[in-house]
Enquirer: 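Got a structure here, written out as structure tokens. Questions coming.
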Amino acid sequence: MSKAYVIELGEDGKTRTATWRNPAEVDLMDGNVTVRVHHTTMNYKDALAITGKSPVVRRYPMIPGIDFAGEVTASDDPRFSVGDSVILNGWGVGETHLGGYSPIARISGDWLLHQPKGLSGAECMAIGTAGYTAALCVLRLQDLGIGPDRGKVLVTGASGGVGSFAVSLLAALGYDVVASTGRLEESDYLIKLGATEVIDRREFSEPGRPLGKERFAGAIDAVGGQTLANVLSQIAYGGVVAACGLAQSHDLPTTVMPFILRSVTLAGVDSVKAERSIRERAWALLTERLDRAALVAITQTAQLEAIETIAPMLLDGRIRGRLVFDVS
Ligand code: NDP
């Protein structure tokens with residue numbers, strides 16, 4: 001695919017149109033590094049940008065794609081030389097700056113990382129922001145003292161991108177992982193990734209008691225809403241929830257009880273503006289500990305031309321794991 005997917009806004013300020021354009025016709029915006037994009041992926045946020053279901057696109061024209069992997073073709077940044085393999089996750093790319101659904105991207109070198117040794121560009125995109133965010137969540141649990149010895153750790157939205165990687169990484173680190181999903185037919189997949197137990201997400205869908213049974217030492221939550229409220233009420237004394245998502249809702253109808261009576265910590269995780277040192281830790285964790293067989297099981301490849309078909313399916317929770325697009 002040698003074309004860029006460009007979304008434009010009509011003169012009425014409302015109507016969006018998307019076309020495949022030659023990147024030479026597009027103003028690629030400011031940046032001191034130019035990258036030939038080889039692989040990209042689709043995250044929840046990309047699906048929102050493509051469908052327009054939520055205002056994640058902050059300027060037009062926009063090329064979505066918050067993640068990409070490729071090769072430097074020009075650089076005024078001393079940290080990057082022509083020919084270097086690089087990856088990019090977040091920093092507003094695909095939202096406020098043109099993104100990875102294009103063969104060429106121009107960005108700030110401050111946003112780039114060298115491709116981790118031991119992972120290919122396609123593997124980095126299979127991991128993408130979803131896997132990197134899962135790693136940030138795992139680091140958050142570790143840094144706040146939740147090791148495998150503390151007890152079971154719950155992952156919500158387990159069949160999705162973040163959830164699949166969270167299950168796999170936690171299992172590789174020796175945690176006893178409980179996977180919560182609305183797709184019980186994916187139980188074998190989740191067990192293969194390393195979950196010891198798969199539970200129905202409906203357990204968390206109705207308003208519950210402010211404090212429930214202490215079931216989990218920690219949790220990684222990609223879902224938010226009533227689910228997160230119920231998860232918080234079921235965390236054991238001194239436990240931690242790393243919250244990164246809102247697939248169910250951005251609301252949080254909880255009480256202070258888990259915090260003031262059980263010393264539970266609700267730890268927020270943002271991937272977009274995470275600083276370089278924490279990104280490097282997350283990618284090192286993924287490189288060293290992510291099970292490659294799990295990565296293969298999580299990943300599907302797809303054609304970039306199909307993004308408009310795929311995006312609504314992803315938002316409906318009908319895409320299992322992660323998609324990689326070859327942009328070469
Ligand atoms: P996916 O769409 O791949 O996965 C989301 C999963 O959430 C679904 O697969 C489904 O899992 C579950 N889910 C969906 N709808 C509902 C619902 N109504 N109630 C309960 N569960 C639901 O998305 P990602 O994994 O890529 O992202 C997950 C969330 O994390 C998103 O909200 C995304 O915006 C956020 N995110 C945040 C980041 C950050 O920096 N903080 C970075 C990356 C993502 P199942 O079928 O197993 O139940």
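In each ligand, atom 1 is the first atom listed, and ligand 1 is the first ligand listed. Along the sequence shown, residues carry numbers from 1.
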Enquirer: Looking only at side chains, do Thr227 and Arg201 share a donor and an acceptor under 3.5 Å apart?
Expert: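 No, no side-chain donor-acceptor contact under 3.5 Å.
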Enquirer: For ligand 1, which is the ligand I care about here, please tell me if Thr227 has any N or O atom under 3.5 Å from one of the ligand's N or O atoms.
Expert: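 It does not: no N or O of Thr227 is found under 3.5 Å from an N or O of ligand 1.
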Enquirer: May I ask you to check whether Val269 has an N/O atom sitting below 3.5 Å from an N/O atom of ligand 1?
Expert: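 There is such a contact, yes.
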Enquirer: Going by atom types only, do Tyr5 and Arg21 share a side-chain donor-acceptor pair under 3.5 Å?
Expert: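 Not at all, the side chains of Tyr5 and Arg21 share no donor-acceptor pair under 3.5 Å.
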Enquirer: Which of the numbered atoms in ligand 1 are below 4.0 angstrom from a heavy atom of Leu314?
Expert: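 By the 4.0 Å cutoff, the relevant atoms are 2 (O).
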Enquirer: Taking atom CZ as the centre, does Arg209 end up with more than 12 heavy-atom neighbours from other residues, nucleotides or ligands that are less than 6.0 angstrom away?
Expert: no
Enquirer: Please indicate whether any nitrogen or oxygen in Leu246 is less than 3.5 Å from any nitrogen or oxygen in ligand 1.
Expert: yes
Enquirer: Which residue and atom name correspond to the protein heavy atom nearest atom 29 (C) of ligand 1, and how close is it?
Expert: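 Sorting protein heavy atoms by distance from atom 29 (C) of ligand 1 puts Ala222 O, 3.3 Å first.
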Enquirer: Are the side chains of Glu206 and Gln226 in touch, meaning some heavy atoms are under 4.5 Å apart?
Expert: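 Side-chain contact under 4.5 Å: no.
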Enquirer: Does one side chain, of Trp91 or Asp110, offer a donor that lies under 3.5 Å from an acceptor on the other?
Expert: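 The criterion, which ignores hydrogens and geometry beyond distance, is not satisfied for Asp110 and Trp91.
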Enquirer: If you measure every N/O of Ala130 against every N/O of ligand 1, is any gap under 3.5 Å?
Expert: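 Between Ala130 and ligand 1 (N or O atoms, distance only) the closest approach is not under 3.5 Å.
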Enquirer: My understanding is that we take every heavy atom of each candidate and find the minimum distance to atom 7 (O) of ligand 1. Doing that for Cys137, Ala179, Gly245, Ala247, which one comes out nearest?
Expert: Ala247
Enquirer: Does atom CG of Asp30 have more than 12 heavy-atom neighbours, drawn from other residues, nucleotides or ligands, at distances under 6.0 Å?
Expert: no
Enquirer: Quiz question: by atom type and distance under 3.5 Å, do the side chains of Tyr175 and Thr196 form a donor-acceptor pair?
Expert: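 No - no donor-acceptor pair under 3.5 Å links their side chains.
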Enquirer: Is the contact between Ser271 and ligand 1 made by the side chain, the backbone, both, or neither, using heavy atoms and a 4.0 Å cut-off?
Expert: both
Enquirer: What residue and heavy atom of the protein are closest to atom 25 (O) of ligand 1, and at what distance?
Expert: Val162 N, 2.8 Å
Enquirer: Does the N or O separation between Gly182 and ligand 1 drop below 3.5 Å for any pair?
Expert: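 Among all N and O atoms of Gly182, at least one is under 3.5 Å from an N or O of ligand 1.
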Enquirer: Can a salt bridge be assigned to the pair Asp143 and Arg281 using a cut-off of 4.0 Å between side-chain N and carboxylate O?
Expert: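 Result for this pair is yes, salt bridge flagged.
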Enquirer: Could you tell me the residue and atom name of the protein heavy atom closest to atom 36 (N) of ligand 1, and the distance to it rounded to 0.1 Å?
Expert: Cys244 O, 3.6 Å
Enquirer: Got a salt bridge between Arg322 and Glu123, using NZ or NE/NH1/NH2 to carboxylate O under 4.0 Å?
Expert: no
Enquirer: Would you check if the distance from the ring center of His114 to the ring center of Phe80 is below 6.0 Å?
Expert: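 Yes, the ring of His114 comes within the 6.0 Å limit of the ring of Phe80, centre to centre.
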Enquirer: Taking 4.0 angstrom as the limit and counting only heavy atoms of Ser159, give me the atoms of ligand 1 inside it, by number and element.
Expert: 47 (O)
Enquirer: Should Asn43 be counted as touching ligand 1, given the test is an N or O pair under 3.5 Å?
Expert: no
Enquirer: Provide the number and element of each atom of ligand 1 under 4.0 Å from a heavy atom of Thr129.
Expert: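 Per the distance check, 42 (C), 43 (C).
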Enquirer: List the closest protein heavy-atom neighbour of atom 3 (O) of ligand 1: residue, atom name, distance to the nearest 0.1 Å.
Expert: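 Nearest protein contact, heavy atoms only, for atom 3 (O) of ligand 1 is Gly161 N, 2.9 Å.
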Enquirer: Please list the nearest protein heavy atom to atom 34 (O) of ligand 1 with its residue and the distance rounded to 0.1 Å.
Expert: Tyr44 CD2, 3.6 Å
Enquirer: Do other residues, nucleotides or ligands put more than 12 heavy atoms under 6.0 Å from Gln303 CD?
Expert: no
Enquirer: Nearest protein heavy atom to atom 18 (N) of ligand 1, by residue and atom, and its distance?
Expert: Gln248 CA, 3.8 Å
Enquirer: Check the surroundings of atom CZ in Arg202: do more than 12 heavy atoms from other residues, nucleotides or ligands lie under 6.0 Å from it?
Expert: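 Not buried by this count: 12 neighbours or fewer within 6.0 Å.
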Enquirer: Could you tell me whether Glu95 and Lys45 have a side-chain N and a carboxylate O separated by less than 4.0 Å?
Expert: yes
Enquirer: Among all protein heavy atoms in this structure, tell me which lies nearest to atom 46 (O) of ligand 1, with the distance rounded to 0.1 Å.
Expert: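 Ranking protein heavy atoms by distance from atom 46 (O) of ligand 1, first comes Arg183 NE, 2.8 Å.
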Enquirer: Under 4.0 Å from ligand 1, counting heavy atoms only, is it the side chain of Thr133, its backbone, both or neither?
Expert: side chain
Enquirer: Select one of side chain, backbone, both or neither to describe which atoms of Arg201 lie under 4.0 Å from any atom of ligand 1, heavy atoms only.
Expert: side chain
Enquirer: How far is atom 11 (O) of ligand 1 from its nearest protein heavy atom, and which residue and atom name does that atom have?
Expert: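 Of every protein heavy atom, Gly157 CA, 3.4 Å lies nearest to atom 11 (O) of ligand 1.
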